[in-house]
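Structure record follows, encoded as structure tokens.
One-based numbering along the sequence shown. On a predicted model such as this, the values are computed, not experimentally measured, just so you know.
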Amino acid sequence: MSSSEEKTSWPEVVGLCAEEAKKIILKDKPDANIVVLPAGSMVTMDYDPLRVRIFVDTVAKAPHTG
């Protein structure tokens with residue numbers, strides 16, 4: 001795949017946990033700098049062709065004190 005044909009979006013990972021999504025993305029783009037963020041997070045608007053942001057909005061485990 002040439003750089004002009006390089007994959008830039010992964011709709012197939014919607015609904016997966018962040019770790020599974022990272023594995024799939026890294027298969028297509030091994031040099032990706034993957035950043036996992038809460039949905040709705042403020043982010044910079046600069047363009048980095050190696051950065052892939054994964055936005056998550058689920059709670060995986062019950063929060064508790066301690």
Side chains of residues 8-17: which donor-acceptor partners sit under 3.5 Å, not counting sequence neighbours?
unit_1: Trp10; atom_1: NE1; unit_2: Asp28; atom_2: OD2; d: 2.8
unit_1: Glu12; atom_1: OE2; unit_2: Lys7; atom_2: NZ; d: 2.7

The criterion is side-chain hydrogen bond (donor to acceptor under 3.5 Å, both in side chains); which residues satisfy it with [X], sequence neighbours excluded?
{"X": "Arg51", "result": "none"}
{"X": "Glu19", "result": "none"}
{"X": "Lys22", "result": "none"}

- Note on the structure: Scanning both residues in full, the closest heavy-atom pair of Ala21 with Ile54 reads CB-CD1, 4.0 Å

Would you tabulate the side-chain donor-acceptor contacts of residues 30-45 under 3.5 Å, counting partners in other chains and residues two or more places apart, or write 'none'?
unit_1: Ser41; atom_1: OG; unit_2: Pro38; atom_2: O; d: 2.6
unit_1: Thr44; atom_1: OG1; unit_2: Asp46; atom_2: OD1; d: 2.3
unit_1: Thr44; atom_1: OG1; unit_2: Arg53; atom_2: NH2; d: 3.2

- Do Val56 and Leu26 share a hydrophobic cluster (ILVMFWY, side-chain heavy atoms under 4.5 Å, transitive)? yes

- salt bridge (Lys or Arg N to Asp or Glu O under 4.0 Å) contacts in which one or both residues fall within residues 55-66, not counting sequence neighbours: none

